[in-house]
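Below is one structure, written out as structure tokens, with a few remarks after it.
Along the sequence shown, residues are numbered consecutively beginning with 1.
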Amino acid sequence: MNLPPHRHQCENCGAPIDELLCDACRHRQAGLFAVAYRPLPNNFLLYIFTILKSRLFLGLFVFATAPILLGDLHLNIVDGMMVYFSLFWFFIFQPLMAAQLRIRSLLLDITAYVFTGTLGVFFALTVESFWINHGANLLLNSHVLFISAPAYVLFIGLTEEFAKQMIVLLIFFFNRAKKKAWSPLAYMMVGISSGLGFSAVENISYVQHGILFDVLHHSVGLGTITALTRALYTPFLHAIWAGIVAYALGIVAQRGYRDWHLAVGAYLIAAIFHGFYDASLGYGDLSILDVALSYLVFLSLLLNNRRRQYLGVSKG
């Protein structure tokens, strides 16, 4: 295999690459399981300290004990578990993203999560309440899929997908003003965090309505079970839809802030996936198909960077 002149070798394993580390070593050093791949100190105290400060210990320990802490602190268990479920998906996506780019500080991800979980959700609720108060509810509640699906795309999908991109757009314009260049994958990670923050707060409302349904109808947990089931998987959906749009914004930034049609197209695609999913919940096969197509688009974009690298190597 002939390599372009600018390529060099991975510091760890010697593989030919464009950056300091090859994909495999970058994943090992930046991911959740990084401590399992790095040389550990011989000194016992340093060895224990290295483990204590690792993501593998801190992340999984906090994640495993969060339900206990919620009970001990007498916090609202419903609110806390909705955040818990969204963070579960963050721990899935973070190592996946770490395999594609060098993960930066988690501060930006936390900022995106909190920003969208507060201001983003407030914006979406305000806009959606406006539509519902002006008759959108009649279309959304239609039993005809060809009526409800476009309504969900227009009134829910477009609104919520924009709400999740507010923080991404702020970063986009800040980087443009400061002339900073970010990888599309970096934008995607912010979008994922934003989507997870949105889902955490939105699902609090769903579970509370589920509990209220059980109380009013004297049912045996039907509403609560439905709401909790939704809480388990909707963070995944909100994350991948937001990730698709954020990736497209990253492409626009990478190309010198041209090709806005790519970002608009991705936004419309995410809104269509979102709206059609909401409308097709009563049609099991259709909603599963929607999830499959959504994830296919997301994963294709996520792995596109690696595909382009391999194509560059083969052409070289």
Review point. Should Tyr233 and Phe85 be marked as a ring pair (Phe, Tyr, Trp, His ring centres under 6.0 Å) after you check the CA-CA gap, both sets of side-chain angles, and the distance that decides it?
Key: CA-CA 8 Å; Tyr233 63 81; Phe85 289 143; over 10 Å; no
Checking Thr159 against Trp131 for the side-chain contact (heavy atoms from CB on, under 4.5 Å) test, could you report, in this order, the C-alpha distance in whole Å, the side-chain angles of both residues, the deciding distance, and whether it holds?
CA-CA 10 Å; Thr159 300; Trp131 292 127; 3.9 Å; yes
Fill in: side-chain contact (heavy atoms from CB on, under 4.5 Å) between Glu128 and Phe155, worked out
CA-CA 7 Å; Glu128 288 171 1; Phe155 301 121; over 6 Å; no
Check the pair Ile171, Leu108 against side-chain contact (heavy atoms from CB on, under 4.5 Å), reporting the backbone distance first and the verdict last. CA-CA 10 Å; Ile171 294 170; Leu108 186 56; 3.7 Å; yes
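The shortest non-hydrogen separation linking Gly191 to Ala246 is CA-CB, 3.8 Å. For the residue pair Lys164 and Thr116, the shortest heavy atom distance occurs at CA-CG2, 4.0 Å. The shortest non-hydrogen separation linking Ala271 to Gly157 is CB-C, 3.7 Å. Between Ala124 and Ala163 the shortest heavy-atom distance is CB-CB, 4.0 Å. Considering every non-hydrogen atom in both Leu145 and Pro150, the closest pair reads O-CD, 3.9 Å. Scanning all heavy atoms of the two residues, the minimum distance from Leu196 to Ala239 falls at CD2-CB, 3.9 Å.
No side-chain donor-acceptor contact under 3.5 Å links Ser142 to the backbone of Leu139. Here the side chain of Asn43 pairs a donor or acceptor atom with the backbone of Leu45 at under 3.5 angstrom. Without hydrogens or angle criteria, Gln165 side chain to Ala242 main chain gives a donor-acceptor distance under 3.5 Å. In this structure, the side chain of Ser193 engages the main chain of Met189 through a donor-acceptor pair within 3.5 Å. Here the side chain of Ser194 pairs no donor or acceptor atom with the backbone of Val190 at under 3.5 angstrom. Side chain of His238 to main chain of Thr234: no donor-acceptor pair is present (N/O by atom type, distance under 3.5 Å, no hydrogens or angles).
Heavy atoms from other residues, nucleotides or ligands lying under 6.0 Å from CG of Asn133 number more than 12.
Linking ILVMFWY side-chain heavy atoms closer than 4.5 Å, directly or via other members, places Val127 and Val153 in two distinct hydrophobic clusters. Under a hydrophobic-cluster definition in which Ile, Leu, Val, Met, Phe, Trp and Tyr are linked whenever side-chain heavy atoms come within less than 4.5 Å, directly or via other members, Val245 and Val121 are assigned to different clusters. Phe146 and Ile272 end up in different hydrophobic clusters when Ile, Leu, Val, Met, Phe, Trp and Tyr side chains are linked at under 4.5 Å. A single hydrophobic cluster is not seen to contain both Leu237 and Leu296; linkage of ILVMFWY side chains at heavy-atom distances under 4.5 Å, directly or through other members, places them apart. No continuous path of ILVMFWY side-chain contacts below 4.5 Å connects Phe162 to Val201, so the two sit in separate hydrophobic clusters.
Taking the six-membered ring wherever Trp is involved, the centroid distance between the rings of Phe273 and Phe298 does not fall below 6.0 Å. Taking the six-membered ring for Trp, Phe236 and Trp89 have ring centres closer than 6.0 Å. Ring to ring, Tyr277 and Tyr152 are not that close: their centroids are 6.0 angstrom or more apart.
Atoms OG and CG, on Ser148 and Leu281 in that order, are 10.0 Å from each other to the nearest 0.5 Å. Ile240 contributes atom CD1, which lies 6.5 Å from atom CZ of Phe93 (distance to the nearest 0.5 angstrom). To the nearest 0.5 Å, atom CG of residue Leu262 and atom CZ of residue Arg255 are 5.5 Å apart. Rounded to the nearest 0.5 Å, atoms CG (Leu138) and CD1 (Ile147) are 11.0 Å apart. To the nearest 0.5 angstrom, Phe123 atom CZ is 11.0 Å from Leu125 atom CG.
Using a 4.5 Å cut-off on side-chain heavy atoms (C-beta onward), Leu249 and Leu169 make contact. Between Met188 and Ile192, some side-chain heavy-atom pair lies under the 4.5 Å cut-off. Residues Arg258 and Val252 have side chains not in contact (no heavy-atom distance under 4.5 Å, counting atoms from C-beta outward). Using a 4.5 Å heavy-atom threshold, the side chains of Leu140 and Ile156 count as touching. With a 4.5 Å cut-off on side-chain heavy atoms, Leu302 and Leu185 count as touching. Counting only heavy atoms from C-beta outward, the side chains of Phe90 and Asp109 approach each other to under 4.5 Å. The side-chain heavy atoms of Phe198 and Glu160, taken from C-beta on, include a pair separated by under 4.5 Å. The shortest distance between side-chain heavy atoms of Ile244 and Leu301 falls below 4.5 Å.
A side-chain N or O of Asn175 and one of Tyr187 form a donor-acceptor pair less than 3.5 Å apart. Inspection of the Tyr113 and Ser86 side chains reveals an N or O donor paired with an N or O acceptor under 3.5 Å. Using modelled atom types, one finds no donor on one side chain facing an acceptor on the other under 3.5 Å when comparing Ser280 with Asp290.
Among the candidates Tyr247, Tyr257, Trp182, the single residue satisfying the ring pair (Phe, Tyr, Trp, His ring centres under 6.0 Å) test with Phe172 is Tyr257.
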